[in-house]
Amino acid sequence: MSMGVEMLLAAQQQGVFSDLELAFVRFVARVESNASEGLLVAAALAVRATRQGNVCVALDEVAGNELFVDDDSGYTLPEFSTWSGELQKSTVVGEPGEFCPLILDGTRLYLHRYWQYEQDFAKGLQGLGQGLLPVDNERLQPALAQLFPGQEEGVLDCQRLAATVAAYRNLCIISGGPGTGKTYTVVKLLALLQELAAPESLRIGLVAPTGKAAGRLQESIRAAKGQLDLSAEILARIPEETATIHRLLGARMGSPYFRHHRQNPLPLDLLVVDEASMIDLALIAKLVDALPKNARLVLLGDKDQLASVEAGSVLGDICSGKDNNGFSEEFAARLARGGFVGLPTGIGGSLADSIVLLEKSYRFDTAGSIGKLAQAVNAGDSEATTAILRDREHGDLALHGWQEEGSLAQLKETARAGFAAYLAATNPQEALTAFNRFRILCAHRRGRFGVEGMNEWVEGVLAEAGLISRDSYWYRGRPVMITRNHPVLHLYNGDIGITMSDESGRLRVFFAGADGGVRSFAPARIPEHETAFAVTVHKSQGSEFESVALLLPEKPSPVLSRELVYTAITRAKKRFSLWGDEPILRAAIAKRVSRASGLRELLWGEGALG
């Protein structure tokens, strides 16, 4: 065994590397028999980077740092110039464009497939973003006036702007915080594009990254269609059926490849993708690759939310070069002819011309308590955040430090009150509706205040209050969240069901149905799942609740970030409470998620889209 592999085994014992990293290192050592220690540790870091959500490892940022230290040994990473020269001599490390297990692109080291995903996605987005589409202005303006009536003088209607941009461009990215009407906007956008395409009809696909998000998209589209005063013909052309991205692409069991790809594109003219912030680089690269030539793509999401669990922060990178609704001078002039005067200019490139930021929240007043709190967190202002939470004038907000007397008792009362309504429900539909009014969100899965610990604790609290009876694994009132997709049963990761007795007294697990009703299953048929009184903030994305309780850990954690706190706050419509000590909260707000990738540079740097 080489000295390098022995060192990495020591690093594994210190928790620095996993079995996955060590397996790749052994592969590299077999391919290059005289592999240096620097090469082996770089290979391990490249794998670890993707496991931690990064697309690559920024060698210049980690060079010279201590990898691990213990009583007997330690290892310090080489200086960048030495390390880079060492890697360039290796047969397993290639330059951009070469086919090697590892790619060194400037200061970034990639696993080859992630370098390729990044390149393919950037080129695909570039192809979509280029050029303007021919639009009949005599048809466009009346259609916009019908869909967006009552435009105020001097007030920018961002929803109308988004629809107009989508009419002119194959690519439209709509980013907005919770309640800014992203789905409502896209339904009007679809109506506009169908009107402009008449008498032809566009083939439209509607997708989201998870089954839960796809279900919410379907509900939102149905609700929005019911509020629009449009002809039956146009409404009929706006689809309601949604799917997960995996289902649309045609996932193959046990394979990373899909049925639809560049050689077998999707049969679509327009694809709408909701909750784009949750999509990892590999999946969105494959999705864009499967779009037919000249197809339109609309991405919806919140650039400030948590990024995907897997590698990449795609929506954040896409929107990173734009912080207002400014456009290139050429495109701003075209928009001015449609009534959008005074838009900022000077932002160059077709990507900037494809992005619209929705600014007004319809879920909660941005000047109200929750809106102010979300803005303070997003701005990284921990002083304002804690002041707002502590201000007694904001009765819909609360901050409870773990060190404060009575905080745990208050949490117990909050849990009892939050879950009592659904447990008193007499039918499944009522129970599902009531359950979704309140949720406990956790930063971690494990630990005293993580999902696993809190679910067990809440069960005890409710049993002590006589609200549930835990006499078996399945009990009346048990809420469960599906953790693995089961396409045959149409149950998907993130779906939540409530255990109740049916008319014959047998326990069944009831889930919301696509038609607005409920579906039930015998407990034995439920696929992989977990109790769902508490869920992670990541799992809550795409959901909204009347009241949210966020629990932070007692000690600092690398999981905590500004994006995590912001995402949790913006799940709440009416009430938000936070349990955690102020130093931990302040540290979380001060930390922004920064994922290593080259996508931002490819999209916004010199020679990028434009």
Side-chain angles (χ1 to χ4, degrees), residues 1-63 65-68 70 73-80 82-121 251-258 261 280-283 285-286 308-312 595-598:
M1 184 182 295
S2 73
M3 188 63 190
V5 174
E6 285 184 357
M7 179 275 295
L8 290 166
L9 286 171
Q12 183 190 33
Q13 292 173 357
Q14 296 297 314
V16 177
F17 295 127
S18 70
D19 291 343
L20 184 63
E21 281 91 271
L22 267 293
F24 185 66
V25 165
R26 289 190 175 99
F27 161 75
V28 169
R30 286 197 302 271
V31 173
E32 189 164 310
S33 56
N34 60 341
S36 68
E37 198 169 76
L39 170 62
L40 296 180
V41 74
L45 288 171
V47 177
R48 188 182 73 165
T50 62
R51 188 166 55 84
Q52 294 178 336
N54 299 294
V55 177
C56 58
V57 55
L59 295 179
D60 58 334
E61 293 182 10
V62 300
N65 294 343
E66 289 182 337
L67 183 64
F68 70 95
D70 62 23
S73 61
Y75 184 81
T76 301
L77 296 170
E79 293 301 323
F80 175 71
T82 303
W83 203 4
S84 175
E86 191 176 326
L87 296 178
Q88 289 171 6
K89 296 175 183 177
S90 169
T91 59
V92 298
V93 179
E95 296 179 352
E98 294 183 340
F99 188 73
C100 292
L102 294 164
I103 298 295
L104 182 61
D105 189 348
T107 60
R108 294 185 289 266
L109 183 69
Y110 295 80
L111 296 175
H112 181 275
R113 66 180 181 276
Y114 282 95
W115 179 85
Q116 195 67 59
Y117 288 146
E118 195 171 81
Q119 296 292 318
D120 289 347
F121 177 65
R252 294 174 173 174
M253 188 69 72
S255 170
Y257 301 105
F258 293 98
H261 43 74
D280 62 272
L281 176 65
L283 185 57
K286 293 173 184 178
S308 62
V309 175
E310 304 298 330
R595 291 188 167 180
S597 85

Tightest non-hydrogen contact, residues Ala596 and Ala58, listed as CB-N, 4.4 Å
Exactly one of Leu109, Thr107, Val47 clears side-chain contact (heavy atoms from CB on, under 4.5 Å) with Val57, and that residue is Leu109
| message | Would Glu21 and Arg51 count as a side chain to side chain contact (heavy atoms under 4.5 Å, CB included) here? Give the steps. | response | CA-CA 9 Å; Glu21 281 91 271; Arg51 188 166 55 84; 2.6 Å; yes
- Any side-chain heavy-atom pair from Val55 and Arg595 closer than 4.5 angstrom? no
d(Ser597 OG, Leu281 CG) to nearest 0.5 Å is 7.5 Å
For Leu104 and Pro96, the nearest pair of non-hydrogen atoms, with its separation, is O-CD, 3.5 Å
d(Glu118 CD, Ile103 CD1) to nearest 0.5 Å is 12.0 Å
request  = Answer yes or no: is there a side-chain heavy-atom contact under 4.5 Å between Leu77 and Leu45?
outcome  = yes
If only atom types and distance count, is the side chain of Glu32 paired as donor or acceptor with the main-chain N or O of Thr91 below 3.5 Å?
yes
Within the structure provided, determine whether Gln88 and Ser84 are in side-chain contact (heavy-atom separation under 4.5 Å).
yes
Please test Asn65 against Thr76 for side chain to side chain contact (heavy atoms under 4.5 Å, CB included), starting from the C-alpha separation and ending with a verdict. CA-CA 6 Å; Asn65 294 343; Thr76 301; over 6 Å; no
Hey, are the side chains of Pro101 and Val92 touching, using non-hydrogen atoms and a 4.5 Å cut-off?
yes
- Any side-chain heavy-atom pair from Leu111 and Leu102 closer than 4.5 angstrom? yes
* Cys56 versus Trp115: any side-chain heavy-atom pair under 4.5 Å? -> no
Side chain to side chain donor-acceptor pair (under 3.5 Å), that's the test. Do Gln116 and Tyr110 meet it? Break it down for me.
CA-CA 9 Å; Gln116 195 67 59; Tyr110 295 80; over 6 Å; no
Full working for side chain to side chain contact (heavy atoms under 4.5 Å, CB included) between Leu87 and Leu39 | CA-CA 6 Å; Leu87 296 178; Leu39 170 62; 3.8 Å; yes
For this session: Check whether any side-chain heavy atom of Val41 lies under 4.5 Å from a side-chain heavy atom of Trp83, and answer yes or no.
Result: yes
Exercise. Relative to each other, are the rings of Tyr117 and Tyr114 parallel, tilted or perpendicular (30° and 60° limits)?
Worked result: perpendicular
Query - Backbone of Arg108 reached by a side-chain donor or acceptor of Asp105 within 3.5 Å - result: no
